[in-house]
Amino acid sequence: IVEGDDDIWKSSNLGTSWIKVNDNYDQIANNGNALFISSDANNSLYIIEKDEDIWRSDNLALNWTKVNGTDFNKNNVDVAGAAVLQNKIYLADKNSDIWTSNNRGISWLLVKDDYNGNESNNIVTMTNDDNNLYIVEKDDNIWQSSNLGISWTKVNTNYDGVLNTSNNASLMTSDYFNNLYIIEKDEDIYRSDNQGISWTEVNVTDFNQANGDVIDIRSDLSYWA
């Protein structure tokens, strides 16, 4: 977990207990610039900042290095989602552009300019399963790419089947079995067992008993904070 004060916490027992492994990853006082944290298949960790700088740790978050020297997407607005597929990091920015890095965050390639054909710029978040990338939008549309972000198909136009519930999706992830999950702002949970084509509400009420919004999600067999 990365906090707003740039502290990094780690759990090695599935979230039961936590230790602080770094108290200021970028060595800048009161920065609070971290936006996303992710990892690759080599267990390197990446932090994507609000200014689009990329930091990497190769020793379980003890030390961090800024691996790109400047705004990775050339002033192309904030990152809206991050995913890792086939050991490459993929980032979606708020202009609906998809980026990837072939050299562990040092340089970045524009994979797709405007993945949804100028339909909208309303990405909520991005995730992946073993073979595909997915994006959920504020209008409840689900998009899928099966060729590493090069082209995208809208696989669902209203995942929860309820009209006028836009802006309710908050986060999306997949589990070990390639099931997809959407966590909503009211803490309801939807699951898809067929790559985002159809969705079922799998809890009947707020899963954390009105204990506040979910702010991040990672999946081994699904853990939420």
Side-chain angles (χ1 to χ4, degrees), residues 1-50 53-68 72 79-92 100-106 124-134 170-184 187 189-191 202-203 206-225:
I1 289 176
V2 58
E3 296 183 321
D5 57 4
D6 294 342
D7 290 350
I8 310 289
W9 292 76
K10 179 180 76 172
S11 173
S12 54
N13 56 7
L14 302 180
T16 303
S17 61
W18 294 79
I19 60 170
K20 187 190 294 187
V21 293
N22 191 297
D23 62 2
N24 188 8
Y25 74 87
D26 61 2
Q27 301 300 306
I28 302 174
N30 302 315
N31 194 22
N33 204 24
L35 190 62
F36 291 96
I37 187 168
S38 191
S39 63
D40 64 21
N42 296 318
N43 289 325
S44 292
L45 295 166
Y46 298 83
I47 288 176
I48 298 94
E49 295 189 317
K50 295 176 184 177
D53 287 345
I54 313 290
W55 292 73
R56 189 182 76 222
S57 173
D58 299 323
N59 59 2
L60 302 178
L62 293 177
N63 304 106
W64 293 81
T65 302
K66 186 171 16 176
V67 292
N68 71 320
F72 82 92
V79 172
V84 177
L85 183 59
Q86 296 186 11
N87 208 26
K88 293 182 181 179
I89 303 173
Y90 289 84
L91 301 178
T100 192
S101 174
N102 294 321
N103 52 9
R104 304 178 67 219
I106 296 171
V124 173
T125 191
M126 183 185 192
T127 195
N128 62 279
D129 61 19
D130 287 344
N131 301 299
N132 307 290
L133 296 166
Y134 299 90
S170 180
L171 296 162
M172 180 166 57
T173 193
S174 66
D175 66 17
Y176 179 82
F177 304 103
N178 287 328
N179 300 310
L180 296 171
Y181 298 84
I182 287 176
I183 315 301
E184 295 191 318
E187 288 81 56
I189 300 170
Y190 284 79
R191 187 183 71 221
V202 294
N203 68 319
D206 177 350
F207 83 91
N208 63 0
Q209 291 84 52
N211 201 34
D213 291 347
V214 177
I215 58 171
D216 201 1
I217 185 168
R218 288 293 181 270
S219 182
D220 179 1
L221 291 174
S222 295
Y223 293 86
W224 299 307

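What you see is a predicted model, and the numbers here were worked out from it, not measured in a lab. Note that the numbering runs from 1 along the sequence shown for the chain.
Nearest heavy-atom pair, Lys20 versus Asp7, reported as atom, atom and distance to 0.1 Å: NZ-OD2, 3.2 Å. Heavy-atom minimum distance, Ser57 versus Leu60: OG-N, 3.9 Å. Looking at every heavy atom in both residues, Asn203 comes nearest to Glu187 through ND2-O, 3.5 Å. For Leu85 against Leu133, the heavy-atom pair with the smallest separation is CD2-CG, 4.0 Å. Between Ser39 and Val84 the shortest heavy-atom distance is O-CG2, 2.9 Å. Across all non-hydrogen atoms, the minimal contact from Ala83 to Asn128 is CB-OD1, 3.5 Å.
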Check against side-chain contact (heavy atoms from CB on, under 4.5 Å), Arg104 and Tyr46: CA-CA 9 Å; Arg104 304 178 67 219; Tyr46 298 83; 3.3 Å; yes

Audit row: Asp26, Ile47, side-chain contact (heavy atoms from CB on, under 4.5 Å) steps and yes/no: CA-CA 10 Å; Asp26 61 2; Ile47 288 176; over 6 Å; no

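When only modelled atom types and interatomic distance are considered, Asp175 and Thr173 share no side-chain donor-acceptor pair under 3.5 Å. A donor-acceptor pair shorter than 3.5 Å can be found between the side chains of Asn103 and Ser101. Using a 3.5 Å distance cut-off with no hydrogens or angles, the side chains of Asn63 and Thr65 do not pair a donor with an acceptor.
The line from OG of Ser17 to CD1 of Ile19 is 8.0 Å long, rounded to the nearest 0.5 Å. Note that CG of Leu35 and CG of Asn33 are 8.5 Å apart. Values are rounded to the nearest 0.5 Å. For the atom pair NZ (Lys88) and CG (Asp40), the distance works out to 12.5 Å, reported to the nearest 0.5 Å. Here the CG-CG distance, from Leu45 to Asn59, works out to 9.0 Å after rounding to the nearest 0.5 Å. The distance from the CH2 atom of Trp18 to the CD1 atom of Ile8 is 11.0 Å, given to the nearest 0.5 Å. Rounded to the nearest 0.5 angstrom, Trp55 CH2 and Asp53 CG are separated by 8.0 Å.
When side chains are defined from C-beta on, Leu91 counts as touching Ile54, because their heavy atoms get closer than 4.5 Å.
Asn87 places a side-chain N or O within 3.5 Å of a backbone atom of Ala41 that can act as its donor or acceptor partner. Although no hydrogens or angles enter the test, the distance criterion places no donor-acceptor pair under 3.5 Å between the side chain of Asn42 and the main chain of Ser44. When atom types are taken as modelled, the side chain of Arg56 and the backbone of Gly105 share no donor-acceptor pair closer than 3.5 angstrom. A distance-only check finds no donor-acceptor pair linking the side chain of Ser174 to the backbone of Asn179 [under 3.5 Å]. Checked by atom type and distance alone, the side chain of Asp129 never pairs as donor or acceptor with a backbone atom of Leu180 at under 3.5 Å. A donor-acceptor pair under 3.5 Å is formed between the side chain of Asn22 and the backbone N or O of Leu62.
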